[in-house]
Participant: 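Pasting in a structure now, in structure tokens, and then I'll have a few things to ask.
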Amino acid sequence: MEWDALLTRDPSELLHVRIRRGIREAVQAGELLPGEQLPGVRALAGQLGVNRLTVLKALSALSRAGVLTSSRGKGVFVARAPRSRGGPESRQARVGPFFEGVAEGPDGGPGGNEQAGDALKNVIDAALAPGSISFAAGFPPPEAIPTATIRARLGRLLREEQGAARLGYVSTQGDPGLLAALRELLAERGLRLGPDDHVLVTSGAQQALSLCLDALVQPGEALALESPGYLGAISACRLKRIPMVGVPVDAGGLNPARLESALRREDVSAVYSVPSFQNPTAVTQGLRRRRQLLELTRARGAFLIEDDIYADLRFGGHRVPPIKSLPGSERVIYLGSFSKSLAPGLRLGFLVASGELAAGLRRTKEVMDISTSALSQVLVAELLRSGFYRRHLVRVRRLYRERRDAMLAALADELPGWVRYTRPKGGLHLWVMPERPLDAGRLLARCQQEGVSFSPGSLFFCDGRRSSSLRLNYASHSPAQIGEGVRRLVTCLRKEASR
Ligand code: PMP
């Protein structure tokens with residue numbers, strides 16, 4: 001092994017990152033074999049002409065990730081069978097002011113994500129309690145789901161000659177009719193697929209994300225994601241033991257300067273972002289930001305997972321082109337879903353990936369669940385082809401816009417001046433940021449007693465930090481209920497702040 005080759009890498013990366021990445025790649029390429037002993041820390045530092053601490057930092061990260069093992073007194077070795085992945089560590093790029101509200105500092109203690117785990121269960125229980133107004137849910141309400149149309153079309157699809165086949169298996173890639181309809185839908189979003197781009201139908205965007213994490217993040221590598229960011233991405237990383245690097249979000253979305261420094265500091269192989277109506281803050285990245293994000297990830301050779309699950313729920317502002325539609329986006333994987341615009345229970349999502357990567361993702365999905373439900377696929381293909389989906393979107397966008405307006409009006413009337421909030425132009429939720437320290441767990445308990453609930457902000461930070469912020473879903477209730485719910489919530493908030 002040419003040890004000094006480790007340092008000929010991208011000079012803008014920090015030394016310990018270069019060493020860590022170099023060793024990991026050497027293991028993957030078979031240049032370093034399982035069981036092989038590495039030079040001692042002092043010797044390696046001497047050969048590389050770097051500080052011993054720098055080497056130690058790189059080696060301990062690789063040991064945590066299961067790439068190396070060390071045995072006291074014997075030395076450091078390449079692991080025989082690399083452990084699945086590193087510990088559930090999470091690193092937080094210093095959080096900027098915009099979305100933090102009043103951070104009480106990272107911790108794993110009360111108020112952090114541990115307690116938030118219980119909070120989530122409590123929120124769901126409270127949402128189901130009669131008379132309760134829940135702003136916690138992240139999905140469409142029953143009145144936004146076209147149940148009658150789905151029932152009628154499903155009946156017809158099953159009565160037709162191919163009825164039984166529609167309850168059979170379908171190719172892993174997806175139903176050909178749906179794949180064709182998706183290409184048209186994507187073109188309407190400004191994403192025209194080239195010959196090397198492939199659509200893969202998935203069981204929800206969550207499966208698409210999980211496939212991407214398995215394919216793109218190798219042991220020892222990290223995922224960079226928005227902070228605050230999508231809870232399902234954080235949970236997936238925790239389960240897969242993928243280290244997370246939180247990148248702050250500001251009013252324009254994921255902050256590129258913070259991303260740049262995170263990419264320089266950490267061994268990040270993929271970045272996950274929700275550029276439109278981000279979950280949980282609802283902010284949207286403009287075209288300039290999207291270009292910057294693409295450039296930064298390209299320059300690092302990292303992948304970019306672009307989750308555009310709210311694409312069809314825009315009710316204001318102009319459409320910003322997806323990052324996957326920009327030149328040079330071969331390493332961007334685009335995710336979509338019908339969960340928010342039709343019904344989450346259809347479990348119908350998709351991804352767009354280019355080249356060999358697309359084939360790899362398809363093979364992994366085949367092993368995971370063979371295919372996504374054929375029935376859901378032919379149903380959605382039919383809803384797209386017949387024009388029903390577009391008409392339905394007009395209705396649900398109107399419904400959500402009305403409810404968003406009701407919530408913004410109630411917040412403007414009720415909230416004290418020290419609480420800021422975002423004004424979404426699409427999606428289902430907004431983000432409220434009290435600028436005074438608040439114990440969100442206690443606030444939630446108080447709110448639940450008064451018959452209203454929300455999702456506490458701490459759920460959305462990958463390092464489990466405390467946050468005073470709240471995510472409110474405005475899609476689930478009538479304007480009158482929204483007004484009543486906001487009044488109850490703000491009464492509790494004022495009481496909690498004056499304790
Ligand atoms: N991405 C984001 C940003 C989400 O909010 C959600 C669901 N809340 C998902 C992905 C998962 O969606 P699906 O139901 O399509 O798996």
Side-chain angles (χ1 to χ4, degrees), residues 95 99-139 141 227-232 234-235 238 279-282 407 410-411 413-422 428-478 480-499:
V95 167
F99 282 129
E100 185 43 13
V102 182
E104 293 173 24
D107 71 357
N113 263 331
E114 221 132 281
Q115 194 199 16
D118 291 339
L120 192 59
K121 183 186 167 298
N122 294 341
V123 163
I124 293 166
D125 290 349
L128 297 174
S132 173
I133 300 174
S134 170
F135 297 136
F139 39 83
S227 177
Y230 170 46
L231 178 58
I234 297 174
S235 309
R238 289 209 174 110
N279 189 356
T281 63
M407 184 166 274
L411 293 174
D413 285 350
E414 303 290 334
L415 277 179
W418 49 269
V419 185
R420 292 180 301 149
Y421 50 93
T422 54
L428 308 173
H429 52 260
L430 53 76
W431 184 245
V432 175
M433 299 158 281
E435 288 178 323
R436 289 185 188 168
L438 267 182
D439 183 328
R442 238 188 6 231
L443 172 62
L444 184 59
R446 194 188 276 271
C447 280
Q448 283 170 341
Q449 277 173 4
E450 298 304 319
V452 64
S453 56
F454 59 85
S455 296
S458 53
L459 289 176
F460 306 98
F461 288 92
C462 62
D463 63 355
R465 65 174 39 222
R466 295 183 193 199
S467 164
S468 320
S469 299
L470 338 170
R471 190 191 71 178
L472 303 184
N473 176 309
Y474 47 77
S476 299
H477 295 286
S478 69
Q481 287 172 311
I482 290 174
E484 176 55 27
V486 169
R487 271 188 294 282
R488 291 182 197 173
L489 188 140
V490 175
T491 307
C492 295
L493 189 93
R494 286 181 190 276
K495 283 191 187 147
E496 201 49 49
S498 62
R499 269 173 57 97

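Since the structure is predicted, the reported quantities are computational estimates derived from the model, not experimental observations.
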Participant: Go through the structure and list residues passing side chain to side chain contact (heavy atoms under 4.5 Å, CB included) with Ala445, not counting sequence neighbours.
Facilitator: none
Participant: List the residues meeting side chain to side chain contact (heavy atoms under 4.5 Å, CB included) with Ala475, not counting sequence neighbours, and say none if there are none.
Facilitator: Pro141, Tyr400, Leu428, Asn473
Participant: Taking only residues two or more places apart in sequence, or in another chain, which ones meet Glu414 in a salt bridge (charged side-chain N to carboxylate O under 4.0 Å, His left out)?
Facilitator: none
Participant: Are any non-hydrogen side-chain atoms of Asn279 and His429 less than 4.5 angstrom apart?
Facilitator: yes
Participant: Looking only at heavy atoms, what is the nearest atom pair of Arg238 and Phe461, with distance?
Facilitator: NH2-O, 4.1 Å
Participant: Measure across Ser455 and Ala136 and return the closest heavy-atom pair with its distance rounded to 0.1 Å.
Facilitator: OG-O, 3.1 Å
Participant: With sequence neighbours excluded, what pairs up with Ser478 under the side chain to side chain contact (heavy atoms under 4.5 Å, CB included) test?
Facilitator: Ala480, Gln481
Participant: Using every non-hydrogen atom in the two residues, find where Gly485 and Val452 come nearest and quote the distance to one decimal.
Facilitator: O-CG2, 3.6 Å
Participant: Which value, rounded to the nearest 0.5 Å, describes the distance between Leu470 atom CG and Leu489 atom CG?
Facilitator: 6.0 Å
Participant: With rounding to the nearest 0.5 angstrom, report the OG to CZ distance, Ser498 to Arg436.
Facilitator: 9.0 Å
Participant: Which heavy atom in Leu493 sits nearest to a heavy atom in Pro434, and how many Å separate them?
Facilitator: CD1-CG, 4.4 Å
Participant: Quick one: pull up CG in Leu411 and CZ in Arg420 and give me the separation to the nearest 0.5 Å.
Facilitator: 14.0 Å
Participant: Ser467 and Ser469: which non-hydrogen atoms are nearest, and at how many Å?
Facilitator: OG-N, 3.0 Å
Participant: Hey, could you give me the OG/CD distance between Ser134 and Gln448, rounded to the nearest 0.5 Å?
Facilitator: 9.0 Å
Participant: Can you find a pair of side-chain heavy atoms, one from Arg494 and one from Pro416, that are under 4.5 Å apart?
Facilitator: yes
Participant: Rounded to the nearest 0.5 Å, how far does CZ of Arg471 lie from OG1 of Thr281?
Facilitator: 10.5 Å
Participant: In chain order, what residues pass the side chain to side chain donor-acceptor pair (under 3.5 Å) check against Tyr230, with sequence neighbours excluded?
Facilitator: Gln206
Participant: Atom CG of Leu231 and atom SG of Cys462: how far apart are they, to the nearest 0.5 Å?
Facilitator: 11.5 Å
Participant: Answer whether the closest heavy-atom distance between the side chains of Ser476 and Phe135 falls below 4.5 Å.
Facilitator: no
Participant: Excluding sequence neighbours, so at least two apart, what forms salt bridge (charged side-chain N to carboxylate O under 4.0 Å, His left out) with Glu484?
Facilitator: Arg487, Arg488
Participant: For residues 445-462, which residue pairs pass the salt bridge (charged side-chain N to carboxylate O under 4.0 Å, His left out) check, not counting sequence neighbours?
Facilitator: Arg446-Glu496
Participant: Measure up the Phe460 and Trp431 rings against each other and bin them: parallel (under 30°), tilted (30 to 60°), perpendicular (over 60°).
Facilitator: perpendicular
Participant: Between Met407 and Leu472, is any pair of side-chain heavy atoms under 4.5 Å apart?
Facilitator: yes
Participant: What's the verdict on side chain to side chain contact (heavy atoms under 4.5 Å, CB included) for Asp439 and Arg466, showing C-alpha distance, side-chain angles and the deciding distance?
Facilitator: CA-CA 8 Å; Asp439 183 328; Arg466 295 183 193 199; 5.5 Å; no
Participant: Minimum heavy-atom separation for Trp418 and Ala497, please, with both atom names.
Facilitator: CH2-CB, 3.4 Å
